[in-house]
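Some notes on the structure that comes next.
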Amino acid sequence: MASVFLYHVVGDLTVGKPEMVEFYETETVESAIRAIGESTECGIPVWRKRSSQSQSLPGLVENSEARQHRFVGILNSLDIVAFLAKTECLQEEKAMKIPVSEVVSPDNTLLKQVDPGTRLIDALEMMKQGVRRLLVPKSVVWRGMSKRFSILYNGKWLKNNENSSSSSGLAADSTSRPATSMASSRDKFCCLSREDVIRFLIGVLGALAPLPLTSISSLGIINLNYNFIEASLPAIEATRRPPCDPSAIAVLEQTENEQQFKIIGEISASKLWKCDYLAAAWALANLYAGQFVMGVEDNMSSRSFSDFLQTSFVGGEQNGTATKAKKFSSRSIGFNPTSPTRLSIGRSMYRGRSAPLTCKTSSSLAAVMAQMLSHRATHVWVTEADSDDVLVGVVGYGEILAAVTKQPSAFVPSNRSYEGFGNENQNQS
């Protein structure tokens with residue numbers, strides 16, 4: 001484990017972070033779409049409003065337990081598109097005015113409040129256990145301690161009271177922390193995401209040596225348990241897959257020998273991040289998965305909500321009456337068109353943003369991290385070393401955090417073979 005995790009605290013990563021503005025569950029889907037466009041990791045934390053009693057007492061400071069109880073979950077772009085693609089929503093022009101409480105999946109464990117003095121290694125352990133956001137109080141005097149041996153300037157480390165049971169051996173008593181670093185503005189917080197952590201890691205790659213240049217296969221961090229859907233199935237089937245991290249479903253088709261699967265695209269929160277949500281919802285409800293990710297140009301032209309109702313699922317009938325096919329523009333959901341004549345497509349053809357972000361089993365950890373940050377992606381699909389599209393697995397934030405905190409003895413040999421893992425994963429699924 002690199003010493004950089006021991007000599008840095010959460011506050012170092014929050015310098016310059018804007019103050020978090022709570023997004024309430026009573027807000028509309030339309031408001032959520034705007035907020036997600038300005039968010040990180042393609043999602044926003046959703047909160048319950050404070051009780052009327054606490055709001056009537058301006059001087060009352062909310063404790064961390066009460067604040068944690070108000071946290072509902074994280075809403076991402078895929079959640080909204082999947083919700084709008086439901087039949088009842090496609091038939092309701094007021095769907096965009098529905099409160100997000102009917103859309104977000106409640107999960108109170110995805111966010112954790114910590115003190116700015118919490119050690120970075122403790123924060124990483126929380127994220128490895130499923131926490132996706134860290135809520136950090138905005139300090140009046142905190143300036144961050146970027147020096148490598150900042151422990152010398154801060155004395156003993158502050159123990160995060162909310163995580164005392166899991167980090168009792170890693171942190172010291174909170175009373176030993178200088179009071180100046182704990183002076184924080186009342187009810188003012190910033191939100192630290194896993195993307196922020198990866199961005200920090202990119203800046204200290206030298207301290208992580210030799211991990212950054214080690215292949216992801218040698219590190220053993222390729223996740224083989226990914227969600228997928230075949231290109232010939234309706235795209236809406238992707239929304240029926242169990243929730244996963246990252247929030248992404250690979251769209252696959254069999255190779256010519258029908259023994260392996262290659263990835264031709266994905267249906268994910270990161271791909272739908274800044275799309276036209278209404279157009280994407282229509283496409284998800286009416287197209288096959290292969291058509292959805294390829295950007296077929298022959299299904300819809302109008303982007304008005306009422307026009308989405310005129311075409312039922314993959315060209316069927318609606319209310320017993322055959323519907324007129326609309327022209328669907330892949331640009332409207334953020335994809336560049338290719339107009340393929342069939343679902344499969346050569347790798348030489350340009351597919352723009354519809355192409356999945358991929359790396360190889362031989363790619364280094366640093367290269368994968370750089371890919372994710374440059375594309376603002378939450379994950380990278382992994383293909384075989386000698387193939388551009390035969391899928392092996394996926395690497396996301398969780399796998400990277402596991403790699404940088406793993407003991408060197410836990411690494412697997414560099415010649416580890418992933419042959420057949422993709423097929424095994426498909427059969428198990």
Side-chain angles (χ1 to χ4, degrees), residues 1-22 39-41 45 47 61-71 74 109-204 207 397 401 404-405:
M1 181 188 303
S3 60
V4 67
F5 300 136
L6 302 176
Y7 299 131
H8 278 276
V9 293
V10 170
D12 295 341
L13 280 63
T14 62
V15 177
K17 290 283 289 183
E19 179 183 342
M20 182 195 71
V21 178
E22 293 185 355
S39 70
T40 60
E41 292 193 37
W47 302 81
V61 179
E62 185 180 33
N63 60 40
S64 59
E65 183 178 352
R67 187 176 296 104
Q68 184 74 39
H69 180 71
R70 288 198 303 110
F71 173 68
I74 295 179
T109 65
L110 298 180
L111 179 141
K112 191 81 170 177
Q113 180 177 334
V114 298
D115 190 274
T118 302
R119 293 194 307 178
L120 184 56
I121 183 61
D122 298 334
L124 293 182
E125 288 299 324
M126 296 179 202
M127 289 185 166
K128 286 169 58 179
Q129 294 170 14
V131 175
R132 300 186 190 179
R133 299 284 199 282
L134 293 178
L135 193 63
V136 187
K138 292 284 287 184
S139 174
V140 175
V141 296
W142 182 266
R143 294 293 182 270
M145 302 301 295
S146 59
K147 294 184 179 180
R148 180 179 179 187
F149 297 100
S150 58
I151 187 173
L152 301 178
Y153 299 87
N154 291 288
K156 294 183 179 180
W157 295 107
L158 176 66
K159 178 179 178 180
N160 177 31
N161 294 328
E162 298 295 321
N163 194 44
S164 58
S165 60
S166 61
S167 60
S168 57
L170 298 175
D173 186 83
S174 60
T175 58
S176 61
R177 190 78 167 150
T180 53
S181 67
M182 298 174 62
S184 56
S185 303
R186 290 183 174 180
D187 293 335
K188 290 186 177 181
F189 297 85
C190 62
C191 208
L192 193 69
S193 68
R194 295 177 297 179
E195 180 182 297
D196 296 322
V197 175
I198 302 301
R199 199 173 299 279
F200 169 80
L201 295 179
I202 282 286
V204 294
Y397 290 127
L401 296 180
V404 297
T405 56

task = Could you pull out all residues at least two apart from Glu195 that satisfy salt bridge (charged side-chain N to carboxylate O under 4.0 Å, His left out)?
result = Arg199, Arg376

request  = Give a yes or no on whether the backbone of Met20 and the side-chain of Lys138 come within a donor-acceptor separation of less than 3.5 Å.
outcome  = no

Rounded distance [0.5 Å steps], CG in Asp122 versus CG in Leu6 = 9.0 Å

ask   = SG/Cys191 to CD/Glu19 distance, rounded to the nearest 0.5 angstrom?
value = 12.0 Å

ask   = Are any non-hydrogen side-chain atoms of Phe71 and Arg133 less than 4.5 angstrom apart?
value = no

ask   = Can you check whether Trp47 reaches Arg67 side chain to side chain, under 4.5 Å on heavy atoms?
value = yes

ask   = Do Asp196 and Lys17 pass the side-chain contact (heavy atoms from CB on, under 4.5 Å) test, and can you show the C-alpha distance, the side-chain angles, and the key distance before you say yes or no?
value = CA-CA 10 Å; Asp196 296 322; Lys17 290 283 289 183; 2.8 Å; yes

note = Taking every heavy atom of Leu192 against every heavy atom of Met127, the minimum-distance pair comes out as O-CE, 4.0 Å

key: Within-4.5 Å side-chain heavy-atom neighbours: Leu124 and Val197   = yes

inquiry  = Within the 4.5 Å heavy-atom criterion, are Tyr7 and Asp12 side-chain neighbours or not?
reply    = no

key: Leu111 vs Gln68, side-chain contact (heavy atoms from CB on, under 4.5 Å): CA-CA, chis, key distance, verdict   = CA-CA 8 Å; Leu111 179 141; Gln68 184 74 39; 4.2 Å; yes

request  = Looking only at non-hydrogen atoms, find the nearest pair between Asp115 and Pro137 and report the distance.
outcome  = CA-CD, 4.4 Å

